[in-house]
Amino acid sequence: MAPAAPDAERGVYGISVAAELVGMGVQNLRLYEARGLLEPVRTDGGTRRYSANDLARLRRIGDLLGAGLNLAGIGMVLDLEVENARLRAAKQGPRTSQ
DNA sequence: CTTCTGACA
DNA sequence: TGTCAGGA
């Protein structure tokens, strides 16, 4: 069957490596998490573990930030993005869609 | 690594 | 408002 653990959901990066990959400071990533923009998996007594999916979200945050949106607006956009993906996936599921 | 406070653009 | 910086 299909792999039980998708790489995109498995946190493999620490906060410092994730911050460098997205080009942001570690303090910023913690602020985004405090704002509810994303929720990295917490392991090992409180250390954050960022997955490839979280890195993509961090890049989206930086892009929306540059677009002139604030953290509150970005959080709403990210929420709608996830909701849209969920609706789209449920819509064109096991049925002869367009 | 974590959390908080302070100051700056 | 968001980011950077320091200290505990």
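First the proteins, then the strands, lettered A, B, ... as listed; each starts at 1. In what follows, every heavy atom counts, from backbone to side chain, and hydrogens, waters and symmetry copies are set aside.
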**Student:** With side chains defined as the heavy atoms from C-beta onward, is the minimum distance between Tyr32(A) and Leu65(A) less than 4.5 Å?
**Tutor:** yes
**Student:** For the residue pair Thr43(A) and Thr47(A), what are the closest heavy atoms and their distance?
**Tutor:**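 In terms of heavy atoms, the two residues are closest at O-OG1, 2.7 Å.
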**Student:** Knowing that exactly one of Asp54(A), Ile61(A), Leu58(A) qualifies, which makes a side chain to side chain contact (heavy atoms under 4.5 Å, CB included) with Val22(A)?
**Tutor:** Leu58(A)
**Student:** So what does the secondary structure string of DNA chain B come out as, 5' to 3', with Watson-Crick or wobble pairs under 3.5 angstrom, [ ] for crossing and | for pairs with another strand?
**Tutor:** .|.||||||
**Student:** Carefully, step by step, assess Arg49(A) and Arg42(A) under the rule side-chain contact (heavy atoms from CB on, under 4.5 Å).
**Tutor:** CA-CA 6 Å; Arg49(A) 203 56 109 188; Arg42(A) 215 86 149 197; over 6 Å; no
**Student:** What's the shortest heavy-atom distance between Ala19(A) and Gly25(A), and which atoms?
**Tutor:**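 Looks like CB-C, 4.0 Å.
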**Student:** For Arg49(A), which contact category applies under a 4.0 Å heavy-atom criterion: base, sugar-phosphate, or nothing?
**Tutor:** nothing
**Student:** May I ask you to say what Leu31(A) touches in the nucleic acid, namely base, sugar-phosphate or nothing, with a heavy-atom cut-off under 4.0 Å?
**Tutor:** base
**Student:** Please evaluate residues Val82(A) and Arg57(A) with respect to the criterion side-chain contact (heavy atoms from CB on, under 4.5 Å), reporting the C-alpha separation (whole Å), side-chain torsions for both, the decisive distance (0.1 Å), and the verdict.
**Tutor:** CA-CA 10 Å; Val82(A) 171; Arg57(A) 189 166 312 198; 4.0 Å; yes
**Student:** Using a 4.0 Å heavy-atom cut-off, write out nucleotides 4-9 of chain B from 5' to 3' as B (base contacted by protein), S (sugar-phosphate only) or - (no contact).
**Tutor:** B-----
**Student:** Would you mind reporting whether Leu31(A) and Gln27(A) have side-chain heavy atoms less than 4.5 Å apart?
**Tutor:** no
**Student:** For Leu29(A) and Ile15(A), which heavy atoms make the closest approach, and how far apart are they?
**Tutor:** CD1-O, 3.7 Å
**Student:** From the 5' end of DNA chain C to its 3' end, which nucleotides mark the outer limits of contact with chain A, defined by a 4.0 Å heavy-atom distance cut-off (strictly under)?
**Tutor:** dT1(C) to dG6(C)
**Student:** Tell me, with the steps shown, if Leu55(A) and Arg59(A) meet side-chain contact (heavy atoms from CB on, under 4.5 Å).
**Tutor:** CA-CA 6 Å; Leu55(A) 292 187; Arg59(A) 281 194 171 178; 5.9 Å; no
**Student:** Whether Ser16(A) contacts dC1(B) is assessed here as follows: a side-chain N or O lying under 4.0 Å from the phosphate OP1 or OP2. Is that the case?
**Tutor:** yes
**Student:** Looking only at non-hydrogen atoms, find the nearest pair between Arg60(A) and Leu78(A) and report the distance.
**Tutor:** CG-CD2, 3.9 Å
